[in-house]
Each structure stands twice: as structure tokens, then as C-alpha cells.
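Report on the structure given below.
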Amino acid sequence: VELARATGYVGDDPYSGRLAGAATLGYAVALALGLREGTWTPLRITVVAVLVFNVASIYGCLAEIGAGRAQPVVYLILATSVAISLIALLLLARHSRGAVAPDVAAWVLWVIAVATVLATAFGFLPLLAPEVGRAFGFPVTDVFVYRQGGAATLGYAAMGVLQLRSRRWEEIRLS
């Protein structure tokens, strides 16, 4: 609430703000753990998810700017998202992956599939139609927060798709 107000927004929906913040923080935790290990394989899927999150974040920023509601923090987030997207693209271009045999149990893939479907819905809805939050009793006064939360969640949906394609524990365990 205080952060939203300090950056020029209403801040009357602390629950949604916390969800958006938690979704964003998850990437930092996964990346920090992967960097600590010093190998690319467990980081690949997370880097792709970070890329999707930041591209969706760029959309959210541009939508806020286009609506004429952008506070200075939106421009900061836009610049950061562009920079992170470029870094992620460079990393992905630098590292390729060879074909390897799957080693994940089928039940794990089902859990990932369900989570991916949910992340897709809860990613696209607030990103593209943040007003839908009103149907769940949220005030949706800070549309930008909803769009950023949707962007972060959409990255997790992309992560799930890549996990389902990989089916390798070494690649999916970190994400």
C-alpha cells in the first residue's frame, strides 16, 4: 500500500499488490539459486520465463502509458523490462540445449500441466482485462499493478510449457 502510494497510485488493494510482488520475487529467488550453482541447465527455463514476464511487462507499461495514467515508476519499469529482455535473449542465444531423454514421473507432469493452465488463465486475464478483478471483489483501481501481476504469472505459464516439453529433472527442478 505504501509503495503504491509513494509511486503515485491509489494503493487500496494490498492483496493484489502482494501477489504481484510475490510472483515477481519468485524469479529472483530461482535465478539466485541457479547462479549459485554456476551451471546453465537449471537456469534455462527460468530465463525463458523471465523473458516472457518482461515482454508482458513491457505490454503492461505501454498500456498504462497509452491510457495516460503512467506515473514515473512505469517508465522505470519499462526501461528495466527492456534491459532484462535483452539480457535474457542474449543468454538464450549463447546457450543451446542438446536432446536428452526425459526422466520425470508422469504424475509430476500432470501437476505441472494443471499449474500451467491456471497460470495461463491468471496471467492473461489481469494482463489483458484487469477489470475482471472486480468480479472477485477487488477494487481494481491500480490497473498497472494487475497488469504487472498478470505479466509475472504469464512467465510462470511459459515456464510450465517448457517444463512439460523438457521432462528432465535437471532442467525443471529449479523452476
Side-chain angles (χ1 to χ4, degrees), residues 3-4 6-7 14-64 72-100 102-105 108-109 111-128 144-175:
L3 180 60
T7 57
Y15 181 70
S16 295
R18 286 185 186 114
L19 286 177
T24 303
L25 182 62
Y27 294 104
V29 171
L31 289 171
L33 291 172
L35 288 172
R36 183 173 168 234
E37 288 183 21
T39 61
W40 171 251
T41 302
L43 278 171
R44 185 183 72 83
I45 290 175
T46 302
V47 169
V48 172
V50 165
L51 175 62
V52 171
F53 165 28
N54 281 279
V55 168
S57 175
I58 292 168
Y59 167 81
C61 291
L62 294 176
E64 190 77 355
V73 71
V74 173
Y75 296 96
L76 176 63
I77 292 171
L78 176 60
T80 303
S81 292
V82 168
I84 291 171
S85 296
L86 291 173
I87 292 167
L89 283 170
L90 289 171
L91 285 170
L92 291 167
R94 183 175 294 173
H95 300 279
S96 62
R97 177 179 83 104
V100 288
D103 64 356
V104 175
V108 173
L109 298 176
V111 171
I112 292 171
V114 170
T116 301
V117 168
L118 293 172
T120 302
F122 287 104
F124 275 120
L125 278 174
L127 181 66
L128 302 176
F144 182 67
V145 174
Y146 281 81
R147 288 191 196 279
Q148 290 302 302
T153 306
L154 195 57
Y156 289 113
M159 184 182 292
V161 169
L162 291 174
Q163 289 171 334
L164 291 170
R165 290 190 64 203
S166 167
R167 299 177 293 147
R168 293 275 309 148
W169 181 249
E170 179 63 19
E171 285 189 334
I172 72 171
R173 69 179 172 78
L174 188 60
S175 55

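Leu90 contributes atom CG, which lies 10.5 Å from atom NE2 of His95 (distance to the nearest 0.5 angstrom). Atom CG of residue Leu91 and atom CG of residue Leu86 lie 11.0 Å apart, to the nearest 0.5 angstrom. One distance of note links OG1 of Thr41 with CD1 of Ile172; it measures 13.0 Å at 0.5 Å rounding. Note that CZ of Phe144 and SG of Cys61 are 4.0 Å apart. Values are rounded to the nearest 0.5 Å. Taking CG from Leu174 and OG1 from Thr46, the interatomic distance works out to 5.0 Å, rounded to the nearest 0.5 Å. Atom-to-atom distance recorded for Arg167:CZ and Ile112:CD1 is 11.0 Å, nearest 0.5 angstrom.
Side-chain contact between Leu31 and Val47 is present, with at least one heavy-atom pair separated by less than 4.5 Å. Looking at heavy atoms from C-beta onward, Glu171 lies in side-chain contact with Arg44 at the 4.5 angstrom threshold. A heavy-atom distance below 4.5 Å is not found between the side chains of Thr39 and Leu43. Counting heavy atoms from C-beta on, the side chains of Ser166 and Ile45 come closer than 4.5 Å. Residues Tyr146 and Leu125 have side chains not in contact (no heavy-atom distance under 4.5 Å, counting atoms from C-beta outward). Looking at Phe53 and Val50, their side chains never come closer than 4.5 Å, going by heavy atoms from C-beta outward.
Under the 3.5 Å distance criterion, the side-chain polar atoms of Arg168 are left unmatched by any main-chain donor or acceptor of Pro102.
Ile77 approaches Gln148 most closely through the heavy-atom pair CG2-OE1, 3.9 Å. Nearest approach of Ile58 to Ser81, heavy atoms of both residues: CG1-CB, 3.7 Å. Ala152 and Ala23 get closest at one heavy-atom pair: CB-CB, 3.6 Å. Nearest heavy atoms, Ala157 versus Thr120: CB-OG1, 3.4 Å. Considering all non-hydrogen atoms of both residues, Thr116 and Gly160 come closest at OG1-CA, 3.1 Å. Contact between Leu51 and Ser85 at its shortest, heavy atoms only, is CD1-O, 3.6 Å.
Annotation for Tyr59: atom OH counts as buried by contact number, over 12 foreign heavy atoms lying within 6.0 Å.
Aromatic pair Tyr27/Tyr156: centroids less than 6.0 angstrom apart.
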